[in-house]
Protein chains: 2
Amino acid sequence: MKNPKAARLTKQGSRRFPDRVDPIVDQSERDFLATYDPSAFPHPSVTVDVALISITHQKLTTFVVRRTEYPQRGSWALPGGFVRFSESLDAAAARVLSTKAGLRNVFLEQLYTFGEPGRDPRTRIITVAYYALVNVDRFMAADSESGRPIEAWIDVPWEGEAGGPVDVADTSGAPLELAFDHADILGMAVKRLRGKLDYTPIGFQLLPDTFTLRQLQEVHETILGRRLNKDSFRRRMLASGLLKGTGKRQDEVGHRPAELFRFVKGAAV
Amino acid sequence: MKNPKAARLTKQGSRRFPDRVDPIVDQSERDFLATYDPSAFPHPSVTVDVALISITHQKLTTFVVRRTEYPQRGSWALPGGFVRFSESLDAAAARVLSTKAGLRNVFLEQLYTFGEPGRDPRTRIITVAYYALVNVDRFMAADSESGRPIEAWIDVPWEGEAGGPVDVADTSGAPLELAFDHADILGMAVKRLRGKLDYTPIGFQLLPDTFTLRQLQEVHETILGRRLNKDSFRRRMLASGLLKGTGKRQDEVGHRPAELFRFVKGAAV
DNA sequence: TGAATAGTGTCTATAAGACAATATCCC
DNA sequence: GGGATATTGTCTTATAGACACTATTCA
C-alpha cells in the first residue's frame with residue numbers, strides 16, 4: 001500500500017481504492033480524518049430529485065409520483081433516484097427524467113442542493129435538486145413506469161422572488177401532500193424561474209415550436225404570478241431579437257389571428 | 001428486522017440503521033436497488049468547498065491554501081472539508097470557514113454542486129460549493145491553522161455573465177495553479193455575484209460599516225468588471241432606500257471629503 | 001355586421017447618460 | 001489660491017405604461 005492513510009478511510013473505500021488518499025488535504029483535515037471512525041459516521045447518500053415544470057390550464061404544473069412505501073406512504077414526491085458512482089449529477093437527473101417520465105432532450109438545470117440532516121427520516125440523504133421545463137404536449141405525454149404520476153398544480157403563496165415552499169393540488173383542486181422537503185424544492189424552482197425570466201429566454205421552453213406573442217406573455221404572467229403590460233411586453237420581445245416571425249398565423253380562433261413566431265437560436269439559454 | 005429490504009443496503013448502513021428502507025421508493029427504484037451491489041458501487045463522498053471572496057487593491061480576491069499532498073501537490077485549493085453525517089451543508093461550510101480562515105458570522109450562500117465523476121482523481125467526490133463575502137479588513141485577518149493561505153487575485157477572462165473558469169495570480173502577478181475544478185467554482189462565484197448585484201444589496205458585504213458612494217461604486221465596478229456611470233449610480237443608490245447618511249465625512253483624503261453612508265437593515269439580502 | 005383580439009401610433013412619466021456649475025476639503 | 005473630488009442641477013435620450021385607433025378573422 002503506497003499510502004498508509006488509506007487505512008483510515010471507510011472499509012468500503014479502502015477495499016476498492018487501496019491507494020487513494022485524503023480528498024482534501026491539509027493539516028486540520030488530516031486531524032479530522034485521523035479520529036474519524038467510518039462505522040460511526042457512515043457517508044451520506046446522494047440522490048437527485050427533478051422538478052419537472054410545465055404550464056397547463058394557465059397554471060404552473062409539476063409532475064409527482066405517489067409514494068407506495070413508508071415513510072410518508074401515500075404522499076407525493078418529485079421523481080428522484082440515487083446518483084450512481086460513475087455518473088455525473090447532470091446525467092443522473094437526465095436518467096431520472098428519462099426513466100420516470102419518458103422524456104429526453106429536455107431543458108434541465110441544477111437548482112440547489114438540499115441536505116438538512118433530518119430531511120429524510122431514515123438516514124442522511126443529500127439531494128441535488130434539478131428543474132426541467134417542457135411544453136404542455138410533452139408534459140401530457142410524460143408517463144411513469146412505476147406508478148400513477150399526476151399533474152399537480154402549483155400554488156405560490158408568495159410574491160416576487162420572496163421564496164419559500166409552495167402548495168400543490170390535483171386537477172380537481174384537492175390539496176396534495178408533498179413528501180419530505182419537496183415543497184421547498186418546488187418553491188426554489190419557481191423562484192429560480194422568476195429570476196431567470198428577466199434576462200434569459202426561458203419561456204420558450206414551455207411553448208410549442210411556434211407561438212403567438214400573447215401566448216408568450218401568458219407564459220411570463222403565469223411564471224411571475226402577475227399581469228404584464230401588453231404594449232411594453234410586445235415591444236420588448238420584438239426588440240430583443242429572440243423572435244422571428246414565421247409569416248404564418250393562427251387559425252380557428254374566432255377573432256383576428258395573430259402571427260406565429262419562432263424562437264431564434266443563438267442567444268444564450 | 002422490520003423490513004427485509006434493509007439487507008440490500010450498504011453493509012455500513014445496515015449495521016447502523018437496520019430498519020431503514022429505500023430512500024426514494026417506486027418500482028424502478030426498487031428494481032435498481034435489487035441489483036445494486038454496494039461493494040461494487042460505493043457511495044460518493046460529499047464535501048463542501050468555500051470560495052471566500054473579498055476586494056483588495058481594487059481587485060476581486062479569494063483565499064487559497066497550498067496542497068501538501070498528492071494529487072495536485074503544490075497547487076492551490078479553496079478551503080474545504082467533508083460533510084459530517086449529522087451536519088447540515090450550511091453548517092459544514094460555516095465550519096470550514098471558521099476552522100480554516102478563522103471567520104464567523106460571514107455572508108455565506110450555497111453556490112452550485114460539482115459532481116463530475118473525474119473531478120477528483122482518487123474517488124468519487126461530490127462537492128457542494130459555497131461562496132462567502134467579507135470586507136478587506138476581515139479578509140486580511142483571515143488565517144489558517146493548516147498552512148500558508150494566500151490572497152489570490154481573480155482574473156475573469158469573460159464579460160457579463162457568460163461564465164466559465166477564471167484565472168488567479170498571487171499579489172506579485174504570478175499565476176497560481178488551482179487544484180481540481182476550483183477554477184470553475186470560482187468562476188461560478190463571480191457569475192453569481194454579478195447576477196445578484198443588480199437586485200440585491202450584496203456589495204455592502206464587501207465594505208466596512210460606513211463607506212462613501214464612490215467606494216460602493218468601486219465595489220460594483222470591480223465585481224462587474226466594467227465602469228459605471230457615476231451620476232446614475234449615485235441616483236439609483238440614494239433612491240433605493242438602502243443607504244442612510246451618517247452625517248459624518250471622510251477625513252485626510254486630500255480633497256473634499258465625501259459623506260459616509262451606512263447600509264439600512266431591513267431590505268432582503 | 002358584431003364580437004373579439006391583433007397590431008400601430010402617440011403621448012406621458014420615469015430612469016439613465018452626459019455635462020456644467022458650485023461646494024468643500026487639504027496642501 | 002490650486003488641486004482634487006463631492007454634490008447639485010439641467011438637458012437629452014431611451015424605455016415603460018397608458019390609451020386611442022385601425023385591422024382582420026369568425027360567427
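Residue numbers start from 1 in every chain, and the chains themselves are labelled A, B, ... in the order their sequence lines are given, proteins ahead of strands.
Note: CD (Glu218(A)) to P (dT5(C)) measures 10 Å, nearest angstrom. Between the CD atom of Gln250(A) and the C1' atom of dA4(C) there is a distance of 12 Å, rounded to whole Å. Protein atom CZ of Arg214(B) is 19 Å distant from nucleotide atom P of dT24(C), rounded to whole Å. Between Lys230(B) atom NZ and dG17(C) atom C1' there is a gap of 14 Å when expressed in whole angstrom units. For Gln217(B) and dG17(C), the CD to P distance is 11 Å, given to the nearest whole Å. Rounded to whole angstrom, the span from the CG atom of Leu228(B) across to the C1' atom of dA18(C) amounts to 15 Å.
Looking at every heavy atom in both residues, Ile53(A) comes nearest to Ala189(A) through CD1-CB, 4.5 Å.
No side-chain donor-acceptor contact under 3.5 Å links Gln250(B) and Thr212(B). Under the 3.5 Å distance criterion, with hydrogens and angles disregarded, no donor-acceptor pair is assigned to the side chains of Ser88(A) and Asp90(A). There is no side-chain donor-acceptor pair under 3.5 Å between Thr61(B) and Ser54(B).
Here Glu259(A) lies in heavy-atom contact (under 4.0 Å) with sugar-phosphate atoms only.
Not counting sequence neighbours, Asp251(B) has no partner by the salt bridge (Lys or Arg N to Asp or Glu O under 4.0 Å) test.
At least one side-chain heavy atom of Leu176(A) sits under 4.5 Å from a side-chain heavy atom of Ile150(A). Residues Ile223(A) and Val219(A) are in side-chain contact: their nearest non-hydrogen atoms beyond the backbone lie under 4.5 Å apart.
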Query raised in the report: Should Thr210(A) and Thr246(A) be marked as a side chain to side chain donor-acceptor pair (under 3.5 Å) after you check the CA-CA gap, both sets of side-chain angles, and the distance that decides it?
Result: CA-CA 8 Å; Thr210(A) 63; Thr246(A) 63; over 6 Å; no

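Ion pair Glu221(B)/Arg227(B) flagged as a salt bridge, since at least one NZ, NE, NH1 or NH2 atom sits closer than 4.0 Å to an Asp/Glu carboxylate oxygen.
For Arg234(A) and dG7(C), the shortest distance from a side-chain N or O to OP1 or OP2 is below 4.0 Å.
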Using the 3.5 Å cut-off, write out each protein N or O paired with an N or O of nucleotides 25-27 of chain C and the distance between them.
unit_1	atom_1	unit_2	atom_2	d
dC25(C)	O2	Arg256(B)	N	3.0

Report task. Take nucleotides 10-20 of chain D nucleotide by nucleotide from the 5' end and write B, S or -, depending on whether a protein heavy atom sits under 4.0 Å from the base, only from the sugar-phosphate, or from neither. Result -> B-----BBBB-

